[in-house]
Trainee: 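Pasting a structure here, questions to come.
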Amino acid sequence: MMMLEKKNRKNQFRFKVLNVVPDVFQPVDLVAEKFIDCKGNRSKMGEFKVHRVRFFDYMPSAIRAMAFNRRSERLAVARADGAVEIFNFSDNYFQEKVIPGQDSRAVEALCWVDQRLFSAGLNGEITEYDLENLRPRCTMAAFGGPIWTISSNNRGTMLALGCEDGTVKMFEVLEERVQFQRNFDRQKGRIISLSWHPSGTLIAAGMMDMIRVFDAETGHATHRLLVERGVGASKSREVVVWSVAFLSDHTIVSGDSAGKVQIWDGVTGTLLRTHLVTKWDVLALSVSQDQSSLVAGTSEGTVIQFQLISSTVGQQDKEWVRTRTFKNHSHDVRALAHTETAVVSGGMDTQLVVRPLLDKVEKNTQESSLRKIVFPHRSLVCCAKKAGLLLFQFPEHLELWRLGESEGHGKPGDSLTVKTKPEKLIQLKRKGEDHICCSALSPCGGWMAYSTVSSVRLYRLQYNNNNIGITKVSRLPKDLCSVHQLCFSSDSSRLFASSSHSSVIVVALNQQECTYLHTLKPKSSSRQPVHLLFASEDGKWLATANTDCEIHIYNLDKLKLHCTVPVYSSYPTAIAIHPLTSNLVVVHADQQIFEYSLEQKEYTEWSRKLQKLGLHSLWLERDTPVTHITFNPRNPAHIILHDMFMFCIIDQSLPLPEAKTLLYNQMTLRSVPEPERIRHSHAFKICKNFQHLLCVRLLEDHSLVVVERPLLDIMSQLPAPVRQKKFAT
């Protein structure tokens, strides 16, 4: 039996009662449902009370810039709040790293130099990031006012910066730092955009009403390309050249605030072609590696593709022709990246869109499907399963909520009145400028911790009837200064914190103090951060996973490394240890599932069978990663996991689905006779009734918590777009 706690737009909460059975797991519906197993029997799974939570007001930040590293196939994305995210395009577009933002850091542009990442912003500083410790490595002022753009030459030896004071500033890239070299000739207006010629000898600079071409050796301007203003009333307004691209054949492509994409001859400085693509701004340009295709992003939310082709059959000369228009955004497209097979775009609507180019990929494959990445590939919700509490992580603060309660009476399908409404207990604002990078809540609800890149804070929580007291633990071990992940033990007596070089700091908790115990270190020489931590229910094991795809298991009784799981090529996205069998379950970014016996130090028979048979193609084609795994203590054979669009119960006692089996088969099982049910039944029971899932957790009282964040709620909080599509226009 299931009961749902739901918050509607009038802040009213209701429960829903539903039956759930082990052999057929039906999507939860808002009407009465009768659930049957493969033999038509009622459930052996037991009763669930499901709290349907929609009061986590998570709001992703707008995308401001992006840069694609073709060598490593990593995409760096900068958000308006200063955060930088790294996506691995070779591993199912997994978000492998997040560098938290800072109040004073506004990233306007990103640039890769080999495997080093740089940013520049309106605070007038250049920042290089430490991709191992997920923080800024060094910051340097350019002394030119706000920096609008940053670009490197092909050799990766020089950085060019476009500044507010009208200068292009050159910095030499050294092994450990960057060093100012010289200024180019100062111009009268700000430098908005830059692009190096592939030879590294020339630089094109977009400005107000013009484009300047500079000699990279001397710093002198060699050409001035005047950009036409708009027509009518817009003719009196200056034109901002938001983006430029300098091609190998000395063609210069520009996008401006008058809605034009213009093609220039960079040798003679003459205009070759003008494409008026919008009445608003062209904000971004990106060119393919072979320079046969380019894309332009507009403030209308469209992305327009141009290709270098012959305009007529048999013609030898090629020209830039507008070929496609993509409409995947509701607001400004601020950033673009043109990969070998896709166009990647992002902007004000906060979504990262990967649009495959169908002439570059095989049709009707996973690579040919459109992807929209909305939510982070990590959990922002912690659950105190023994206390019925939820902790929501925001960049600026934490929120602690107590779940509601219902009367608990009714038949399947009934909506039940809430006896006690959910209540916000605490809103804790962070200290300092650094944004929160991770947080944790102990299972008993008595401890709360969070970390920024500069400090860790630990709090003791005490409950007395309707009152709650919070006390900061003032003295923390000196080793606990900055961490990537936090996790409490199941009995709330220890805190685990992942630190540098994949190490984990173990801290003992007692009343209102904490004591350093030990630092767990892997035998590998990995310098990558740990992004997953899991402590077993019995307090014996701790599992860690890092971005080198390594999974280490530590024995907490002996405080030493127990074993290392064989390395798999894809990133682990979720890990969990079964409370009864001590088997480790791992799900990877490519959707593969493994089960590893910690006692035997080998893969289980079920895991070997799963790999031999192979996962169903529809399971592998899912485009969002599994972010959490848990288990049903009343049925040890059940594994519960979820991604953004579904949660699934895997019943290990049932046969695995074969290639020709219908994966989403619950509706089919309800409508066919009993012999057919037995033939079609399999281990994967998928519920897709809940959407945009940020959290699915099983509480100690056997109730289920489902935290949703509907996209419509996010879209309703965005500013109005510059142009809204109207009927018949």
Trainee: Does Phe496 have any ring-ring contact (aromatic ring centres under 6.0 Å, His included) partners at least two apart in sequence or in another chain, and if so, which?
Mentor: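 Residues passing ring-ring contact (aromatic ring centres under 6.0 Å, His included) with Phe496: none at all.
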Trainee: Just how far is it from atom OG of Ser607 to atom CD of Gln652, taken to the nearest 0.5 Å?
Mentor: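 One gets 9.5 Å once the value is rounded to the nearest 0.5 Å.
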Trainee: Does Tyr571 reach the side chain of Asn92, with side-chain heavy atoms less than 4.5 Å apart?
Mentor: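 Sidechains of Asn92 and Tyr571: no contact.
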Trainee: Please round to the nearest 0.5 Å and tell me the distance separating atom CE of Met448 and atom CG of Leu486.
Mentor: 12.0 Å
Trainee: Within the 3.5 Å criterion, strictly below it, is a donor on His531 or Thr547 matched to an acceptor on the partner's side chain?
Mentor: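 Not at all, the side chains of His531 and Thr547 share no donor-acceptor pair under 3.5 Å.
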Trainee: Where is the tightest heavy-atom contact between Leu641 and Val587, given as atom of each residue plus distance?
Mentor: CD2-CG2, 4.1 Å
Trainee: Would you check if Leu400 and Leu461 make a side-chain contact, meaning some heavy-atom pair closer than 4.5 Å?
Mentor: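 Yes - at least one pair of side-chain heavy atoms lies under 4.5 Å apart.
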Trainee: Only pairs at least two apart or in different chains count here, so list each side chain to side chain donor-acceptor pair (under 3.5 Å) that has a residue in residues 486-502.
Mentor: Ser489-Asp491, Asp491-Ser493, His501-Arg527, Ser502-Asn546
Trainee: Assess whether ring pair (Phe, Tyr, Trp, His ring centres under 6.0 Å) is satisfied between His377 and Tyr93, documenting all intermediate values.
Mentor: CA-CA 10 Å; His377 294 168; Tyr93 304 92; 9.7 Å; no
Trainee: Taking side-chain contact (heavy atoms from CB on, under 4.5 Å) as the definition, give me every residue that meets it alongside Pro376, ordered by chain and number, with sequence neighbours left out.
Mentor: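 So Pro376 forms a side-chain contact (heavy atoms from CB on, under 4.5 Å) with Tyr58, Gln95, Arg378, Leu380.
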Trainee: May I ask you to check whether Phe94 and Phe89 place their ring centres under 6.0 Å from each other?
Mentor: no
Trainee: Would you call Lys612 and Glu605 a salt bridge, taking side-chain N to carboxylate O under 4.0 Å as the test?
Mentor: no
Trainee: What are the two closest non-hydrogen atoms of Ala683 and Leu656, and how far apart are they?
Mentor: CB-CD2, 4.4 Å
Trainee: Under 4.0 Å between a side-chain nitrogen and a carboxylate oxygen: does that hold for Glu340 and Lys360?
Mentor: no
Trainee: Starting from the C-alpha separation in whole Å, work towards a yes-or-no answer on side-chain contact (heavy atoms from CB on, under 4.5 Å) for Gln591 and Leu620.
Mentor: CA-CA 6 Å; Gln591 312 297 354; Leu620 297 174; 4.1 Å; yes
Trainee: Between His616 and Phe684, does the ring centroid distance fall short of 6.0 Å?
Mentor: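 So the answer is no for these two rings.
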Trainee: Any luck finding a side-chain donor-acceptor pair between Asp651 and His638 under 3.5 Å?
Mentor: yes
Trainee: With a 4.5 Å cut-off on side-chain heavy atoms, are Pro633 and Leu580 touching?
Mentor: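 No, their side chains stay 4.5 Å or more apart.
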Trainee: Under the ring-ring contact (aromatic ring centres under 6.0 Å, His included) test, which residues partner Trp606, sequence neighbours left out?
Mentor: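 Partners of Trp606 under the ring-ring contact (aromatic ring centres under 6.0 Å, His included) test: none.
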Trainee: Using the side-chain contact (heavy atoms from CB on, under 4.5 Å) criterion, which residues pair with Gln600? Sequence neighbours excluded.
Mentor: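 In terms of side-chain contact (heavy atoms from CB on, under 4.5 Å), with neighbours along the sequence ignored, Gln600 is linked to Ser597, Glu602.
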Trainee: Looking only at side chains, do Arg371 and Thr624 share a donor and an acceptor under 3.5 Å apart?
Mentor: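 The criterion, which ignores hydrogens and geometry beyond distance, is not satisfied for Thr624 and Arg371.
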Trainee: Just wondering, do Val626 and His642 contact through their side chains at under 4.5 Å, heavy atoms?
Mentor: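 The answer is no, as the side chains (C-beta and beyond) never meet within the 4.5 Å cut-off.
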Trainee: Strictly under 6.0 Å, is that where the ring centroids of His628 and Phe647 end up?
Mentor: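 Between Phe647 and His628, which both carry aromatic rings, the centre distance is not below 6.0 Å.
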Trainee: Can you check whether Arg71 reaches Gln115 side chain to side chain, under 4.5 Å on heavy atoms?
Mentor: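 Yes, side chains in contact.
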Trainee: Over 60° means perpendicular and under 30° means parallel, so classify the ring planes of Phe392 and Trp401, tilted if in between.
Mentor: tilted
Trainee: Take atom CD in Gln611; do more than 12 heavy atoms of anything else shown fall under 6.0 Å from it?
Mentor: yes
Trainee: Between Glu708 and Arg54, is a salt bridge (Lys or Arg N to Asp or Glu O under 4.0 Å) present by the stated rule, with each step listed?
Mentor: CA-CA 5 Å; Glu708 297 175 287; Arg54 290 190 175 183; 3.1 Å; yes
Trainee: Going by heavy atoms in the side chains, are Val565 and Ile553 under 4.5 Å from each other?
Mentor: yes
Trainee: Please walk me through it: do Val586 and Ile593 pass side-chain contact (heavy atoms from CB on, under 4.5 Å)?
Mentor: CA-CA 6 Å; Val586 185; Ile593 303 171; over 6 Å; no
Trainee: Might you point out which heavy atoms bring Val381 and Leu694 nearest each other, and give the distance in Å?
Mentor: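 Shortest heavy-atom separation between Val381 and Leu694 comes out as CG2-O, 4.4 Å.
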Trainee: Side chains of Asp130 and Asn133 only: does a donor on one sit below 3.5 Å from an acceptor on the other?
Mentor: yes
Trainee: How many angstroms lie between atom NE2 of His578 and atom CG of Asn632, to the nearest 0.5 angstrom?
Mentor: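 Output value for this atom pair is 8.5 Å.
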Trainee: Given Phe594 and Leu584, is the side-chain contact (heavy atoms from CB on, under 4.5 Å) satisfied, shown in steps?
Mentor: CA-CA 8 Å; Phe594 294 90; Leu584 173 75; over 6 Å; no
Trainee: Who passes side chain to side chain donor-acceptor pair (under 3.5 Å) against Lys97, sequence neighbours left out?
Mentor: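 Lys97 satisfies side chain to side chain donor-acceptor pair (under 3.5 Å) with Gln528 once adjacent residues are dropped.
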Trainee: Answer yes or no: is there a side-chain heavy-atom contact under 4.5 Å between Leu542 and Leu520?
Mentor: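 Yes, side chains in contact.
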Trainee: Mind jotting down which residue pairs meet the salt bridge (Lys or Arg N to Asp or Glu O under 4.0 Å) criterion with at least one end in residues 615-632? Sequence neighbours excluded, please.
Mentor: Arg622-Asp643
Trainee: Closest approach of Ile436 and Gln393, non-hydrogen atoms and distance?
Mentor: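 Scanning both residues, the minimum pair turns out to be O-NE2, 3.7 Å.
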Trainee: So, for Val53 and Leu403, which heavy atoms are closest and what is the spacing to 0.1 Å?
Mentor: CG2-CD2, 3.8 Å
Trainee: Rounded to the nearest 0.5 Å, what separation is found between the NE2 atom of His484 and the CD atom of Glu132?
Mentor: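 Going from NE2 on His484 over to CD on Glu132, the span is 9.5 Å.
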Trainee: Under the rule for side-chain contact (heavy atoms from CB on, under 4.5 Å), what residues qualify as partners of Asn555, not counting sequence neighbours?
Mentor: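 With neighbours one apart ignored, the set is Lys540, Trp541, Asp557, Lys558, His562.
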Trainee: Given the rule in the side-chain contact (heavy atoms from CB on, under 4.5 Å) test, do Val705 and Leu390 qualify, once you have shown the distances and angles that lead to the verdict?
Mentor: CA-CA 9 Å; Val705 178; Leu390 292 177; 3.9 Å; yes
Trainee: Not counting sequence neighbours, which residues clear side-chain contact (heavy atoms from CB on, under 4.5 Å) with Lys521? List them please.
Mentor: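 So Lys521 forms a side-chain contact (heavy atoms from CB on, under 4.5 Å) with Ser503, Thr519.
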Trainee: Does a side chain donor of either Ser703 or Arg697 reach within less than 3.5 Å of an acceptor in the other side chain?
Mentor: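 On atom types as modelled, these side chains do not qualify, holding no pair under 3.5 Å.
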Trainee: Looking at residues at least two apart in the chain, or sitting in another chain, which of them share a ring-ring contact (aromatic ring centres under 6.0 Å, His included) with Tyr596?
Mentor: Tyr603
Trainee: What is the distance from atom CG of Leu458 to atom CG of Leu480, rounded to the nearest 0.5 Å?
Mentor: 8.0 Å
Trainee: Any chance the side chains of Thr604 and Asn583 put a donor and an acceptor closer than 3.5 Å?
Mentor: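 Their side chains do not contain a donor-acceptor pair, so the 3.5 Å distance test is not met.
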Trainee: Under the rule for salt bridge (charged side-chain N to carboxylate O under 4.0 Å, His left out), what residues qualify as partners of Arg355, not counting sequence neighbours?
Mentor: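 Counting only residues at least two positions away or on another chain, Arg355 forms no salt bridge (charged side-chain N to carboxylate O under 4.0 Å, His left out).
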Trainee: Grab the two heavy atoms, one from Ile577 and one from Ala543, that are nearest each other, plus how far apart they are.
Mentor: CD1-CB, 4.0 Å
Trainee: Would you say the side chain of Asn88 lies within less than 4.5 Å of the side chain of Arg74, judging by non-hydrogen atoms?
Mentor: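 In short, these two side chains touch, coming nearer than 4.5 Å.
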Trainee: What residues form a ring-ring contact (aromatic ring centres under 6.0 Å, His included) with His692, not counting sequence neighbours?
Mentor: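 Only Phe645 meet the ring-ring contact (aromatic ring centres under 6.0 Å, His included) criterion with His692.
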Trainee: Which value, rounded to the nearest 0.5 Å, describes the distance between Cys437 atom SG and Gln485 atom CD?
Mentor: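 Cys437 SG to Gln485 CD: 8.0 Å, rounded to 0.5 Å.
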